[in-house]
Amino acid sequence: MKIKSLKLKNYRNYDLLKLDFDDAANIFYGDNAQGKTNILEAVYLSGTTKSHRGTKDRDLIQFGNEESHIEAVVEKKGIEYQLDMHLKKNSPKGIAVNKIPLRKASELFGIINFVFFSPEDLNIIKDGPSERRRFIDMELSQLDRVYLSDLYNYNRIVNQRNHLLKDMGNSGKIADTLDIWDLQLVQYGNKIIERRKEFIKQVNEIISFIHKKLTGSREDIQVIYEPSNGSLALEQALIKNRDRDLRIKSTSVGPHRDDICLLAGDLDIRRFGSQGQQRTAALSLKLSEIELVKQAINDTPVLLLDDVLSELDKHRQNYLLDSINDIQTLITCTGVEDFVNHRFSINKVFHVQGGQVMDEN
Ligand SMILES: Nc1ncnc2c1ncn2[C@@H]1O[C@H](COP(=O)(O)OP(=O)(O)O)[C@@H](O)[C@H]1O
Ligand SMILES: [Mg+2]
């Protein structure tokens, strides 16, 4: 799949922007804070309805304006789709596909898949569990409509359960009410855990090959799902932790607290890996994600590479650029010099400056 064009109106630091993309590599270069990431963000949003940075709609709208428009034309298996998104300050966004309004944002699902790769992804092993959960959730939410809806329901239940723990404190009635919430929490929670485990299993089928290439066969890698309920069933773990939950007024077990562990041989890279090892493992994980999406959709996703090349040494840069040569890619960087001496061919170059984009082709 490809993205053909993008139009922005009053989005972040863009008054008006119209871009036509090449089917292969597109480079956006410019100094910091000029609007490079904003372009990738708008592209990502057009297909997923969400900012990769988790920004709220109202903050995406250009300062001083009430509304913002994004129009993207994408092509999937030879068919073109026009995706229109209309962001409003005080009401939910409007979305249309080929000018037909969607009732729910989730109906956009499956038209286009993006893989977003930012420098923060290279810290995913070093950072806390929430970043690693976000990695899985962002990907599975794009690949699996059922997961997306289960996750939505699960998060809603956890929020309501937490409210209940805060509001009712230790009053007598709380136990019965908690029983009812726990039943639903277990129902959705188990579905999420199962799906994540399946995802990790698929990652494991791919990652070890990639990681060997990146480390010159020095390291063997394995990804393990770590549920917060340990070896207990989720239901039992909730019962066991109930007193604690009442005390801390929050839900302490469930997939919203799970983690993934990355092992190099027997070494837990999260805790004991060197910074280099952690970053290489993160790169392997991200490259596995690209492969996995390809397999899952039987097509190529569009890759959004935000400022990552300058974070990698030559060997890793080359490996990354080599492995994406069949994928449409939007790359941001501060200077085009990153690409000199590389066999990678740049098809289109754009210079980004102060919310203006110059097509240098
Ligand atoms: N809602 C907004 N309205 C107007 N400008 C914004 C808004 N949000 C961010 N910006 C501006 O966008 C710029 C940052 O853009 P970004 O794409 O992150 O830069 P970079 O080129 O470094 O990737 C900053 O100058 C910031 O002030
Ligand atoms: Mg940026």
Side-chain angles (χ1 to χ4, degrees), residues 3 5-21 25-72 84-95 114-124 127 131 134-135 138 279 282-283 286 302-312 317 320-321 324 328-339 346 348-361:
I3 173 155
S5 64
L6 177 75
K7 277 191 207 161
L8 300 180
K9 190 168 174 229
N10 301 333
Y11 184 86
R12 295 267 200 196
N13 64 336
Y14 291 97
D15 305 333
L16 264 183
L17 178 71
K18 164 121 190 46
L19 292 174
D20 290 308
F21 301 109
N26 299 268
I27 313 287
F28 295 85
Y29 77 96
D31 293 340
N32 281 328
Q34 302 303 308
K36 303 182 296 298
T37 302
N38 293 345
I39 295 174
L40 302 199
E41 178 186 51
V43 166
Y44 186 84
L45 189 91
S46 73
T48 63
T49 77
K50 291 194 180 71
S51 157
H52 69 287
R53 302 187 254 211
T55 310
K56 293 205 172 67
D57 285 2
R58 57 179 302 120
D59 295 328
L60 301 170
I61 299 169
Q62 190 176 42
F63 301 142
N65 283 291
E66 293 297 311
E67 296 184 3
S68 168
H69 280 100
I70 304 172
E71 180 198 303
D84 278 291
M85 209 160 280
H86 184 173
L87 309 178
K88 293 166 238 175
K89 245 194 178 138
N90 297 312
S91 49
K93 61 170 81 64
I95 307 171
F114 294 110
V115 173
F116 203 112
F117 194 170
S118 66
E120 292 85 67
D121 290 315
L122 290 168
N123 295 329
I124 186 175
D127 288 347
E131 295 307 310
R134 202 172 107 83
F135 164 78
M138 261 174 89
R279 287 168 70 90
L283 179 59
K286 206 64 200 178
V302 176
L303 182 63
L304 308 170
L305 280 188
D306 193 21
D307 255 331
V308 276
L309 288 175
S310 56
E311 299 280 327
L312 303 171
Q317 261 186 26
L320 172 62
L321 293 174
I324 60 171
Q328 186 191 27
T329 310
L330 275 48
I331 301 177
T332 71
C333 52
T334 39
V336 263
E337 7 357 306
D338 288 1
F339 296 91
I346 306 174
K348 245 183 173 185
V349 179
F350 301 91
H351 183 207
V352 182
Q353 199 172 25
Q356 307 270 347
V357 179
M358 277 71 75
D359 189 330
E360 295 192 343
N361 307 284

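Remember, it's 1-based here, ligands and their atoms both numbered in the order they're listed. Values below: all heavy atoms of this structure, side chains included; hydrogens, waters and symmetry mates excluded.
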Checklist entry - Would you find a donor on one side and an acceptor on the other, under 3.5 Å apart, between the side chain of T329 and the backbone of A25? => result no
Checklist entry - H86 pairs by side-chain hydrogen bond (donor to acceptor under 3.5 Å, both in side chains) with which of K93, E71, E67? => result E67
Next on the checklist: Name the residue from Q356, K9, Q62 that meets the side-chain hydrogen bond (donor to acceptor under 3.5 Å, both in side chains) definition with D15.
Outcome noted: Q62
Checklist entry - Between L60 and E41, is any pair of side-chain heavy atoms under 4.5 Å apart? => result yes
Next on the checklist: Are the side chains of F135 and K286 in contact, using a 4.5 Å heavy-atom criterion?
Outcome noted: yes
Checklist entry - In the protein, how many N/O/S atoms are under 2.8 Å from the Mg ion (ligand 2)? => result 1
Checklist entry - Without hydrogens or angle criteria, can the side chains of S51 and R12 be said to hold a donor-acceptor pair below 3.5 Å? => result no
Checklist entry - For ligand 1, what is the set of protein residues having any non-hydrogen atom at a distance below 4.0 Å? => result R12, N13, D31, N32, A33, Q34, G35, K36, T37, N38, R53, D59, I61, Q62, F63
Next on the checklist: Quick check on side-chain contact (heavy atoms from CB on, under 4.5 Å): which of L309, V308, L312 does P119 satisfy it with?
Outcome noted: V308
Checklist entry - Between H52 and Y44, what is the ring plane arrangement, given parallel below 30°, perpendicular above 60°, and tilted in between? => result perpendicular
Item to check | Qualifying residue for side-chain contact (heavy atoms from CB on, under 4.5 Å) with Y14, from L17, N10, L16 | outcome: L17
